[in-house]
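Notes to accompany the following structure.
Just so it is clear, the values below take in all heavy atoms, side chains as well, and ignore hydrogens, waters and symmetry mates.
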Amino acid sequence: MEVFFPRTLAELWPLLAAYPTGAVLAGGTDLLVKLRKTGVRPPALFALERLAVLRQMAVRDGELHIGAAVTVSELVDSDTVQKALPALWEAACLLGSPPVRHGATVGGNVCTASPAGDTLPPLYVYGAAVTVASAAGERRLPIDAFIAGPGRTALIPGEIVTGVVVPLPSAGTFSAYYKVGKRRAMAVAVASLAVRLERDAGGAVRDIRLAWGSVGPQVVSLPAVEAFLRGRRLTEAVLREAGAMAAAAVRPIDDVRASADYRRRLAGNLLLKLAASGGDEEEDG
């Protein structure tokens with residue numbers, strides 16, 4: 001198996017054309033485990049770590065541009081991510097162990113397209129887009145259009161992910177990421193929930209985006225639950241009703257980490273976190 005370390009995208013494109021069944025390596029925390037587990041040996045690996053253009057993170061025109069080779073540790077260390085995108089920052093802090101975060105990349109987490117991927121629910125609620133490029137040029141896809149299913153993306157042969165673009169929320173926007181695993185650290189999510197919330201002067205929900213992880217084949221958004229919450233104050237009673245709607249709507253599976261029924265209940269109960277950490281602790285009337 002050939003291993004290439006291109007330093008520019010111009011060097012990468014002909015390599016992708018020469019080895020169309022090769023694999024792109026961006027951190028390797030998922031890919032190398034998969035190769036060992038399956039025994040599959042692609043004819044070539046294209047390591048992206050020396051492509052400086054993919055290791056940049058910058059704010060431009062109200063958006064945070066995160067290169068595909070930016071590591072999860074670099075997200076954790078970013079003041080911009082911590083202050084402006086706390087749901088993404090919290091997800092990064094909860095992803096794996098410190099050595100895994102040091103190697104894992106944003107592009108790798110997106111391309112793995114796992115419903116348990118920690119960075120994905122926050123990227124959904126922030127309305128992030130994925131930038132992909134090939135020798136023919138660049139295009140940008142909303143993240144929910146880029147991820148086609150578990151382990152499947154909209155990438156076509158000859159393309160790579162070059163980064164994600166995250167619109168920075170307006171001041172006063174609340175966002176958070178909640179995760180339940182089999183233990184407090186280094187655990188894959190049994191269920192997770194990302195929230196982005198804006199309230200009006202009276203404390204009622206003006207806008208809300210919700211995205212659940214690990215309760216379906218992809219990250220789950222439930223527009224009916226979001227519509228139910230708009231215009232309401234987030235009392236415990238309201239959140240319990242919304243949680244019941246969510247629990248009825250998700251389609252989790254049984255696996256070694258949890259039963260489908262447990263995940264379904266978690267999907268509803270995670271909404272109750274809003275009553276304490278960003279919602280309204282008062283009861284109506």
* Could you check V215 against L266 for side-chain contact (heavy atoms from CB on, under 4.5 Å), going step by step and ending with a plain yes or no? => CA-CA 9 Å; V215 293; L266 280 179; over 6 Å; no

* Taking the side chain as every heavy atom from C-beta outward, state whether L64 and M57 have any pair of such atoms under 4.5 Å apart. => yes

* Asked: Does L54 reach the side chain of I160, with side-chain heavy atoms less than 4.5 Å apart?
  -> yes

* Structure fact -> Here the gap from H102 atom NE2 to T71 atom OG1, rounded to the nearest 0.5 Å, amounts to 6.5 Å

* Do side-chain atoms of Y126 reach the backbone of A87 as a donor and acceptor pair under 3.5 angstrom? -> yes

* Between R139 and V132, does a side-chain contact (heavy atoms from CB on, under 4.5 Å) hold up when you go through it step by step? -> CA-CA 6 Å; R139 60 189 179 121; V132 302; 3.2 Å; yes

* Asked: Is W212 reaching over with its side chain to a backbone N or O of L193, donor-acceptor style, under 3.5 angstrom?
  -> no

* Does a side-chain heavy-atom distance below 4.5 Å link L120 with I147? -> yes

* Asked: Honestly curious: do V190 and V250 fall in one hydrophobic cluster under the side-chain, below-4.5 Å linking rule?
  -> yes

* **Heavy-atom donor-acceptor pair, T105 side chain to A26 backbone, under 3.5 Å** => yes

* Any chance you could lay out the side-chain contact (heavy atoms from CB on, under 4.5 Å) test for V110 and V164, step after step, and finish with the verdict? => CA-CA 9 Å; V110 169; V164 296; 4.0 Å; yes

* Mark yes or no for whether D118, through its side chain, and A92, through its backbone, hold a donor-acceptor pair below 3.5 Å. => no

* Using atom types as modelled and distance alone, determine if a side-chain donor or acceptor of R263 lies under 3.5 Å from a backbone N or O of A258. => yes

* To do: Quick one: pull up CG in L274 and CG in L197 and give me the separation to the nearest 0.5 Å.
  => 6.5 Å

* Asked: Crowded around H65 NE2? As in, over 12 foreign heavy atoms under 6.0 Å?
  -> yes

* Asked: Got R196 and D207 here, is their nearest side-chain heavy-atom distance under 4.5 Å?
  -> yes

* To do: Look at the side chain of T112 and the backbone N and O of S114, then say whether any donor-acceptor pair between them is shorter than 3.5 Å.
  => no

* Asked: Within the distance-only criterion (no hydrogens, no angle test), does the side chain of S78 pair as donor or acceptor with the backbone N or O of E74 below 3.5 angstrom?
  -> no

* Quick one: does L95's side chain get under 4.5 Å of L75's, heavy atoms only? -> no

* Hydrophobic cluster membership, L123 vs V165, 4.5 Å side-chain cutoff -> no

* Asked: In this structure, are over 12 heavy atoms from other groups packed under 6.0 Å from R50 atom CZ?
  -> yes

* To do: Walk me through it: do V195 and V125 pass the test side-chain contact (heavy atoms from CB on, under 4.5 Å)?
  => CA-CA 6 Å; V195 180; V125 298; over 6 Å; no

* Indicate yes or no for a side-chain donor-acceptor contact from E90 to the backbone of Y178 under 3.5 Å, with no hydrogens or angles considered. => no

* Find out whether D261 and R265 are in side-chain contact, i.e. whether some heavy atom of one side chain is under 4.5 Å from a heavy atom of the other. => yes

* To do: Report yes or no: do S221 and Y124 form a side-chain donor-acceptor pair below 3.5 Å?
  => no

* To do: Kindly compute the distance separating CH2 (W13) from OG1 (T8), expressed to the nearest 0.5 Å.
  => 10.0 Å

* Within the side chain of T131, is there an N or O that forms a donor-acceptor pair under 3.5 Å with the backbone of G163? -> yes

* Asked: When the ring planes of F46 and F4 are compared, do they come out parallel, tilted or perpendicular, using 30° and 60° as the limits?
  -> parallel

* Asked: Are side-chain heavy atoms of L272 and N269 found at a separation under 4.5 Å?
  -> yes

* To the nearest 0.5 Å, how far apart are CD1 in I66 and OG1 in T119? -> 9.0 Å

* **Nearest-0.5 Å distance that lies between atom CZ in R240 and atom CG in L271** => 11.0 Å

* Salt-bridge present (R140, E63; N to O < 4.0 Å) -> yes

* **Side-chain donor/acceptor of S73 to backbone N/O of R101, under 3.5 Å** => yes

* Under a 4.5 Å cut-off applied to non-hydrogen side-chain atoms, are V24 and L48 in contact? -> yes

* Hey, what do you get for CG (L88) to SG (C93), rounding to the nearest 0.5 Å? -> 9.5 Å

* Minimum heavy-atom distance A246-V225, with the two atoms named -> N-CG2, 4.0 Å

